[in-house]
Amino acid sequence: MKRLIKQAQLETGYQYDNDFIVGTTIAPFDILIEDGQFKQIAPMIEIEPDMEVIEANGQLLLPSFREMHIHIDKTYFSGEWKAPIPITKGILTRIEEEQTLLPKQLPFAKERATKMVQHLIAHGHTHIRSHCNVDPQIGTKHIDITIEVLESFKEQITYDIVAFPQHGLLRSAVEPLMREAMEKGATHVGGVDPAIVDRATHQSLETMIQIAKDYDKHIDIHLHDRDTLGEHEFHVMMDLLEKHDFKNNVTISHAIALSDLQGEPLEKLTKRLASFNIDVTTTVPIGQNRSTIPIPYLYENGVHVSVGHDSLTDHWSPFGTGDTIQKLNVLIERFKFIDEYRISQSLKYATGGITPLNAEGQQVWPKAGDAANALLVDAVSSAHTIARMCPITTVISKGAVIHQENVELKGAYR
């Protein structure tokens, strides 16, 4: 199937006033799609009888989003409103709560996960990484449900599934269940705060890495521990990755200790994370007890950083929205990005590093051969989209429209 995006605005360069970037230049283009890829990009392409035409109506074409940290398996989303209970024992409050809550939620888990995926697609995501509980109370039932739900959307999105020992890999004795999850199709081995939850940093991390190596899987571990304790966990993990000659992808989710370190300790840890090609995923927390990690500093020093929502609403938090444009808006406000250049370049934290213009202002997306995953937005630039939270009207994945809003284009957010 050939598809033609007709007259979409593409970013072509930055506008300068002396040495300052003051705006973004855009121009209308037609974009031909074949076999899920951008095939041709030109000011005008003739419509052929066998083409499906996607009318852009002068909207801006941007790369689609990648949701890199979400839990679709345990949520209140689409159910009745319920606020979380207060935390009295740190993470252990939630672990104890889940032991009775998650079995009760099993009858609703599939329906709620489906609704969440639909919501994420409508907000521009064409890739979803879901963390999925593996614990003694539910075994690998959440793995089964998550695979079933995400597979039902396989024509629309790509996905990862992290087998996540929320109650502690050692503490809840779930190594056999984690191995079962690998055999069922999980793509990543997870872990959580080995010092606080498992009380055995070295053994917990070594077990996690060994499972990943045995099944040729990737790693995505939650590290919330702060200050020098968190720093110690990072270094122990990298020591063990080196010991096991582990070559697959590694992600640290949250990585809260990075928000506490300064000077030489931060510089040393950042350089080491970059040398191991370890990714960091963050929800851009702004609360008093969850400082924001130094996202721009990390990226500028070779550490790939992505954003995620963690949840939409569940027993952990009532705040998630699934709206990544809003998430980027929080990021730019948190780091005081007010200029066209820095706002526009922050798009990379949501797209897997893709921006229409590179750091030098050269157009690098879309190009012929790129995957045809894109959004049509009622905006005039990436910066405008993020700063004014402009609406997405069309979501394109693998070259096909997977979501479309019936909205009248008014530029009301300008």
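- Closest approach of Leu205 to Leu240, counting heavy atoms only: CB-CD1, 3.7 Å.
- Scored by the side-chain contact (heavy atoms from CB on, under 4.5 Å) test, Ser275 finds Arg272 as partners (sequence neighbours excluded).
- With hydrogens and angles left out, the side-chain atoms of Glu405 and Thr393 include no donor and acceptor closer than 3.5 Å.
- Donor-acceptor pairing under 3.5 Å is recorded for the side chains of Ser253 and His69.
- In summary, Arg226 and Asp260 engage in a salt bridge, as defined by a charged side-chain N under 4.0 Å from a carboxylate O.
- Contact record, Pro165 with Val192: O-CG1, 3.4 Å, taken as the closest heavy-atom pair.
- Each of Glu98, Glu97, Glu96 was checked for a salt bridge (Lys or Arg N to Asp or Glu O under 4.0 Å) with Arg94, and the lone residue meeting it is Glu97.
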Q.
The test is side-chain contact (heavy atoms from CB on, under 4.5 Å); show your working for Phe276 and Leu241 and say whether it passes.
A. CA-CA 9 Å; Phe276 278 83; Leu241 291 172; 4.1 Å; yes
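- A salt bridge links Arg179 with Glu175: the closest approach of a Lys/Arg side-chain nitrogen to an acidic carboxylate oxygen falls below 4.0 angstrom.
- Every residue two or more places apart in sequence or in another chain that forms a side-chain contact (heavy atoms from CB on, under 4.5 Å) with Tyr159 is listed here: Leu150, Glu151, Ile161.
- Between Asn57 and Gln7, the side chains place no donor N or O within less than 3.5 Å of an acceptor N or O (distance only, hydrogens not considered).
- A salt bridge links Arg342 with Asp339: at least one charged nitrogen is closer than 4.0 Å to a carboxylate oxygen.
- Of the N and O atoms on the side chains of His167 and Gln99, not one donor lies less than 3.5 Å from an acceptor on the other residue.
- With no hydrogens or angles considered, no side-chain donor-acceptor pair links Ser311 and His71 at under 3.5 Å.
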Q: Could you walk me through whether His222 and Phe164 pass the ring-ring contact (aromatic ring centres under 6.0 Å, His included) test, one step at a time?
A: CA-CA 9 Å; His222 293 48; Phe164 181 46; 3.9 Å; yes
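- Rounding to the nearest 0.5 angstrom, the gap separating the CG atom in Leu120 from the CD1 atom in Ile157 is 8.0 Å.
- In terms of heavy atoms, Ala368 sits closest to Lys39 at CB-O, 3.5 Å.
- With contacts defined as side-chain heavy-atom distances shorter than 4.5 Å, the pair Ile386/Ser346 qualifies.
- In this structure, Asn133 contributes its side chain and Asp73 its backbone to no donor-acceptor pair below 3.5 Å.
- The CZ atom of Phe108 sits 9.0 Å away from the CD atom of Glu80 when rounded to the nearest 0.5 Å.
- Contact record, Ile392 with His123: CD1-O, 3.6 Å, taken as the closest heavy-atom pair.
- Every residue two or more places apart in sequence or in another chain was checked for a ring-ring contact (aromatic ring centres under 6.0 Å, His included) with Phe337, and none qualifies.
- Taking each heavy atom of Val364 and Thr355 in turn, the nearest pair found is CG2-O, 3.2 Å.
- Side-chain contact, His188 with Asp160: no donor N or O sits under 3.5 Å from an acceptor N or O.
- Under the 4.5 Å side-chain criterion, counting only non-hydrogen atoms from C-beta, Leu32 is in contact with Met51.
- Of the possible polar contacts, none joining the Lys217 side chain to the Ile211 backbone as a donor-acceptor pair under 3.5 Å is found.
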Q: Might you work through the side-chain contact (heavy atoms from CB on, under 4.5 Å) test for Arg129 and Val162, ending with a clear yes or no?
A: CA-CA 7 Å; Arg129 178 178 293 182; Val162 183; 3.9 Å; yes
Q: Carefully, step by step, assess Thr292 and Ile286 under the rule side-chain contact (heavy atoms from CB on, under 4.5 Å).
A: CA-CA 6 Å; Thr292 312; Ile286 56 174; 4.2 Å; yes
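- Counting heavy atoms from C-beta outward, His244 and Glu206 have side chains that approach closer than 4.5 Å.
- Inspection of the Gln105 and Tyr76 side chains reveals no N or O donor paired with an N or O acceptor under 3.5 Å.
- Between the side chains of Gln118 and His403, no donor-acceptor pair is found at a separation under 3.5 Å.
- The neighbour count for Lys82 NZ, taken as heavy atoms of other residues, nucleotides or ligands under 6.0 Å away, does not exceed 12.
- Side-chain contact check for Glu340 and Thr24: at least one donor-acceptor pair (N or O, by modelled atom type) lies under 3.5 Å.
- Aromatic ring orientation, Tyr299 versus His304: tilted (interplanar angle from 30° to 60°).
- Minimum interatomic distance between Ile332 and Ala387 (heavy atoms only, all atoms of both residues): CD1-CA, 4.0 Å.
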